[in-house]
2 protein chains.
Amino acid sequence: MKELTKQQTKVLTCVEVYLNKTGFPPTRAEICKELGFKSPNAAEMHLRALEKKGYISIQSGSSRGISIVKRQQSFMGNSDQMPVIGLVAAGSPTLAEENIEKRISCDPNMFKDSFDYFLKVKGLSMIDAGIHEDDLVAIKKTTDVKNGDLVVVRLEDEVTLKYFKKDNHSLELIPANKDFATIKVDLREQDAFVEGKSVGLIRTH
Amino acid sequence: MKELTKQQTKVLTCVEVYLNKTGFPPTRAEICKELGFKSPNAAEMHLRALEKKGYISIQSGSSRGISIVKRQQSFMGNSDQMPVIGLVAAGSPTLAEENIEKRISCDPNMFKDSFDYFLKVKGLSMIDAGIHEDDLVAIKKTTDVKNGDLVVVRLEDEVTLKYFKKDNHSLELIPANKDFATIKVDLREQDAFVEGKSVGLIRTH
DNA sequence: TATTATACTGTATATTTTTACAGTATATTA
DNA sequence: TAATATACTGTAAAAATATACAGTATAATA
């Protein structure tokens, strides 16, 4: 998550406080009044920046259409709107806004380890690990992975979920389905970027 | 607190659901669309009644200026401490305190359907459905189940998680593992009590 | 039996609100 | 050095929204 500037933090706090006090988000004008700005465009621009950085989402065309994605302070409890990543566009960063399919309200600490986003599973390559198509795998962004971990790896422009096995320069990405082949990468020849590892899974029946 | 009429309850629920989904309250027109009213005044009048009875407060002159004073149910973007049911003691009600292994902080509405508790899976009888030992299956308490649903059924003093199939007096509880046999019950001879059905699953890696 | 509450449709309007556009200025990055 | 991000003022118009008013109809209450 990108860092916020001082003013952006002020605006986000203002929205949170207003929401906490009234139960609904403020208008641009109300933010201005609260923070001493003289133009509604000042608030507008800060809100746009906050959206771009993933802290809020703005429902275009709706009055007070601000929802908080990631709270700074937790007023109520610890529930964030965790992003669900569907198909990742080639070359784009996994967490880019255009890859976010929806958001689910849940506790980032509901699993043993914290996590950053859900990855929606495509295909059947992990079926023998009880991971089905459309399951949501909770991913913690980290490069600190051990052999045997279930990891998200980017190869060229493809993102894949497999078991991790590394031995010197040889990386193996192992599926859990006998119909799929292990992906073998020689790290001297090809890059592989570990995006994170799975800390849990949720499935809707 | 005064009692609500059927329609007022509907409107209040509508506001709560909208708020839970978007993070801000609905407009009169949006309530109408949701509930099938054709005039914004229909929503207006219900909101006035809800305010008069103390369930909400309305900020006059503000768009979406509805705040909920008294919630009907706890929807929340906030998390509840959902109970995890481990081994169920023979004869005791499933949700009895002594059966609660721990509690997990999460949103009761994180799946498509709401749920009441997590059941910790024992054994391998559902492995081919991608349900492993120690997975937590989210159970909604209900007796309204259809053939093919994944249900929690109590037979005598045993609680089991299986696929449901009922045909007249014949009840079949079908596992997802070829090494396990389908449980067949003649309802004229033996009682079977449907405790609920699965709406989702979570697993910690 | 008159009154009040519930439960709406339908229309209209004043107000609220978003949002685009035109500027100004500074700091940081490429 | 040019481009981009931040950080605003000021104005205006289009769109969203609240809300008043005029009705109709039914059920409950005094």
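Just the heavy atoms: all of them, side chains too, but no hydrogens, waters or symmetry mates, feed the values below. Numbered from 1 within each chain, the chains take letters A, B, ... in sequence-line order. Please read these numbers as outputs of a predicted model, since none were measured by experiment.
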Undergrad: Of all of residues 26-35 of chain B, which get a heavy atom below 4.0 angstrom from DNA chain C, listed by number?
TA: none

Undergrad: Apply side chain to side chain donor-acceptor pair (under 3.5 Å) to A/D149 and list each qualifying residue two or more places apart in sequence or on a separate chain.
TA: none

Undergrad: List in chain and number order the residues that pass side chain to side chain donor-acceptor pair (under 3.5 Å) with A/D186, two or more places apart in sequence or in another chain; answer none if no residue qualifies.
TA: A/R188

Undergrad: Less than 3.5 Å apart, which donor and acceptor atoms pair up between the side chains of residues 164-172 of chain B and the rest of the protein, not counting sequence neighbours?
TA:
none

Undergrad: Which nucleotide in the list D/dT9, C/dT9, C/dT19 gets nearest to the side chain of B/S39?
TA: C/dT9

Undergrad: Find the distance B/F24:CZ to C/dT18:P and express it as a whole number of Å.
TA: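 Whole-Å distance recorded here is 10 Å.
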
Undergrad: Report, one pair per line, the protein and nucleotides 5-7 of chain D atoms (nitrogen or oxygen only) whose separation is under 3.5 Å.
TA:
| residue | atom | partner | partner atom | Å |
| --- | --- | --- | --- | --- |
| D/dA7 | OP2 | A/T5 | OG1 | 2.7 |

Undergrad: Between A/S57 and A/S67, does a side chain to side chain donor-acceptor pair (under 3.5 Å) hold up when you go through it step by step?
TA: CA-CA 5 Å; A/S57 81; A/S67 44; 3.0 Å; yes

Undergrad: If the condition is ring pair (Phe, Tyr, Trp, His ring centres under 6.0 Å), which residues does B/F111 pass it with, not counting sequence neighbours?
TA: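 Once residues adjacent in sequence are excluded, the partners of B/F111 under the ring pair (Phe, Tyr, Trp, His ring centres under 6.0 Å) criterion are B/F115.
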
Undergrad: Could you check whether B/K141 pairs with B/D116 (Lys NZ or Arg NE/NH1/NH2 to Asp/Glu carboxylate O, under 4.0 Å)?
TA: no

Undergrad: Which heavy atom of A/C32 sits nearest a heavy atom of A/A43, and at what distance?
TA: SG-CB, 3.9 Å

Undergrad: Figure out the NZ/P separation between B/K10 and C/dT6, and round it to whole Å.
TA: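 Rounded to whole Å, this separation is 16 Å.
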
Undergrad: Roughly how far, to the nearest 0.5 Å, is CG of A/L47 from CD1 of A/I58?
TA: 5.0 Å

Undergrad: Would you call the rings of B/F37 and B/H46 parallel, tilted or perpendicular, taking 30° and 60° as the class edges?
TA: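 Geometry flag for B/H46 against B/F37: tilted rings.
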
Undergrad: Is there a side-chain polar atom (N or O) of A/R48 under 4.0 Å from OP1 or OP2 of D/dC8?
TA: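 Answer is no, no contact under 4.0 Å.
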
Undergrad: Roughly how far, to the nearest 0.5 Å, is CE of A/M126 from CD1 of A/I131?
TA: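 Reported value, rounded in 0.5 Å steps: 4.5 Å.
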
Undergrad: Using five pairs at either end of the helix from C/dT1-D/dA30 to C/dA30-D/dT1, determine the angle between the two local helix axes and round it to 10 degrees.
TA: 30°

Undergrad: Specify the separation, in whole Å, of atom CG of B/L50 and atom P of C/dA5.
TA: 15 Å

Undergrad: Output one letter per nucleotide in nucleotides 22-28 of chain C: B when a protein non-hydrogen atom lies under 4.0 Å from the base, S when only the sugar-phosphate is that close, - when neither is.
TA: B------

Undergrad: Is the shortest distance from a Lys or Arg side-chain nitrogen in A/E158 or A/R154 to a carboxylate oxygen in the other one below 4.0 Å?
TA: no

Undergrad: What residues, two or more places apart in sequence or in another chain, satisfy side-chain contact (heavy atoms from CB on, under 4.5 Å) together with B/S63?
TA: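 Partners of B/S63 under the side-chain contact (heavy atoms from CB on, under 4.5 Å) test: A/S63, A/R64.
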
Undergrad: So, using side chain to side chain donor-acceptor pair (under 3.5 Å) as the criterion, who are the partners of A/E34 when residues are at least two apart?
TA: none

Undergrad: Return the set of residues passing side chain to side chain donor-acceptor pair (under 3.5 Å) with A/D113 (not counting sequence neighbours), or none when no residue passes.
TA: A/K140

Undergrad: With a 4.0 Å heavy-atom cut-off, tell me which residues in residues 60-67 of chain A come close to DNA chain C, sorted by residue number.
TA: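 Contacting residues: A/S60, A/G61, A/S62, A/S63, A/R64.
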
Undergrad: When you check the gap from the basic side-chain N to the acidic O, do B/D144 and B/K197 get nearer than 4.0 Å?
TA: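 Looking at B/K197 together with B/D144, the answer is no, because their closest N to O distance does not fall below 4.0 Å.
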
